[in-house]
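Letters A, B, ... mirror the listed sequences (proteins, then strands); counts begin at 1.
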There are 2 protein chains.
Amino acid sequence: MDNSTSSQTAQNDLQVLRTSSLTGALVRELEHLILTGELKPGERLNEIQLSARFGTSRGPLREATRTLEAKGLVDAIRNRGVFVRSISSEEALEIYDIRAALFGLAGRLLTDMITDAMLVRLNEFLNQMDEIAQQRDFDRYYPLNLQFHDFLIKSTNNKTLAREYKSLVNKLHLCRARGLVQAGGLAVSNHEHREMVDALASGNRERAQEAFFRHVERSKQRFTTTLAK
Amino acid sequence: MDNSTSSQTAQNDLQVLRTSSLTGALVRELEHLILTGELKPGERLNEIQLSARFGTSRGPLREATRTLEAKGLVDAIRNRGVFVRSISSEEALEIYDIRAALFGLAGRLLTDMITDAMLVRLNEFLNQMDEIAQQRDFDRYYPLNLQFHDFLIKSTNNKTLAREYKSLVNKLHLCRARGLVQAGGLAVSNHEHREMVDALASGNRERAQEAFFRHVERSKQRFTTTLAK
DNA sequence: TTAGTGTAAATTGTTTACATAGCGCGCATG
DNA sequence: CATGCGCGCTATGTAAACAATTTACACTAA
């Protein structure tokens, strides 16, 4: 047996336990399972099964599922169990609108604090995405698109906004009717991105807010049109 | 003893237990204690003490506090305890911006669905508030103001929006530096309300969104100015 | 054949008990 | 008198046992 390795992992475990409780770790694990789709919408979270899987007792696991319930990732029904939440199309539309409002806020806030360095970085994003879009390389475009949006949201320095926005995006993943949406808007989307950056550069708050807002609204549109089929 | 009454309460209890677990009831109780200020920001939630108070064991109470933690009403520190969250002024400002964005969304959504009946109801609100404002009767103005905002938010029929908005307003209550803010803007505020309703009546989406957005931003302004003293 | 009922297994809700981590207080010592 | 160390208390973290409810399935009777 390797002494140094075992003591190191033990120390890692300790470090983990220092900052986060077992419950906290379970929340992250379950959230991961849900968002990656290993636990699908509508599926039940069996307490015994899951606690055995993670090597804990039911107590911490129940606390974790309560947290997930408050986060809106699962539904708990008394004496029936906890189920991965399934977002209806109607609710997805509601969420799109709220996401649009928050993203619009990001645009408005950024207008007043934009720097040349940020504009340079944003244009790098745009050029790179243009390039990839022309190659129709969706597998590379999608994560870059996420990075771009993430960069914008985080640049506002409004941590509450970042948290709420992320939470909304997560919830949209629980909508069964989603998935094929992004494929269509590839080059289209990047044109919208340019509009957003131009609006930021113009220094016009309302224009930026509107550009950011509409960007999300248009992806809502694409969602509804794919839904109609 | 009144038979019909006792059987009715028994049925009520049954109904309550049907939909909500003990944990759910605890969440509501604790939320109430926190929002009414009986449990003040920074104060610790003693598990044993509280579970004894409500006649439950620690398990359900811990689940309840996890829910409150996810809702952002308390902070949990491992091996230290759970504390009522204290919102800093900086975070309050962040929340104001997000509230503004959501309220702006409400204005935008309402513009496309406003009816004559709703405009009539809104004008009733305005007149009543004007009247009370002239009497400088703050005790009656404040709840009516809440009702007015609540009516607007709920009229959008976006339940997710209503939930998120309420959650934000709740969190603002946890800011110590708050409280004296509303007193100043009384007649001022109602003038802003008229602007909002006028914008709705105009049918201009962007204008309504901007009017609603700015209404919250101005109350943020009032917050910062009172903060400066 | 089908509807209804009773029973057993599985699962969740709750309580109790035990292990462990912080925190304060007192005592000894420089 | 100040400071550091150790002991004990209190509260939290976790696990296991107990209680209650749901669900599935087989059996009975119309």
What is the distance, to the nearest angstrom, from the [atom1] atom on [X] to the [atom2] atom on [N]?
X	N	atom1	atom2	answer
A/F83	C/dT11	CZ	C1'	11 Å
B/R66	D/dT12	CZ	C1'	10 Å
A/E47	D/dA15	CD	P	14 Å
B/I48	D/dC9	CD1	C1'	12 Å
A/L61	D/dT14	CG	P	12 Å
B/R80	D/dG13	CZ	P	12 Å
B/E69	D/dG13	CD	P	10 Å

Check your understanding: Is the charged tip of A/R121 near the ring of A/F148: under 6.0 Å from the six-membered ring centre and within 45° of its axis?
Key -> no

Review point. Nearest nucleotide by nearest heavy atom, which residue falls closer to the 5' end of DNA chain C, B/E63 or B/R58?
Key: B/E63

Could you please name the option among [options] that lies closest to any side-chain atom of [X]?
X	options	result
A/N46	C/dT14, D/dA11, C/dT11	C/dT11
A/L22	D/dA15, D/dT22, D/dT12	D/dA15
B/S57	C/dT15, D/dT22, D/dT14	C/dT15

**Study point:** Steps toward salt bridge (charged side-chain N to carboxylate O under 4.0 Å, His left out) verdict (B/E38, B/R53)
**Key:** CA-CA 14 Å; B/E38 190 165 337; B/R53 172 173 177 174; 3.1 Å; yes

Check your understanding: OP1, OP2 of D/dT12 versus side-chain N and O of B/R44: anything below 4.0 Å?
Key -> yes

Study note, to complete from the structure: The residue, A/G59 or B/L45, whose nearest nucleotide of DNA chain D is more 5′ is B/L45

Exercise for review: Before accepting this row, confirm whether a basic side-chain N of the pair A/K71/A/E31 lies closer than 4.0 Å to the acidic partner's carboxylate O.
Suggested key: yes

Point to revise | Sugar-phosphate, base or nothing in reach of B/R62, heavy atoms under 4.0 Å | key: base

Check your understanding: Do any N or O atoms from the side chain of B/T226 and from the backbone of B/R222 form a donor-acceptor pair under 3.5 angstrom?
Key -> yes

Practice item. Given salt bridge (charged side-chain N to carboxylate O under 4.0 Å, His left out), test B/E91 with B/R85 step by step and report yes or no. Key: CA-CA 12 Å; B/E91 196 173 350; B/R85 184 126 174 252; 2.4 Å; yes

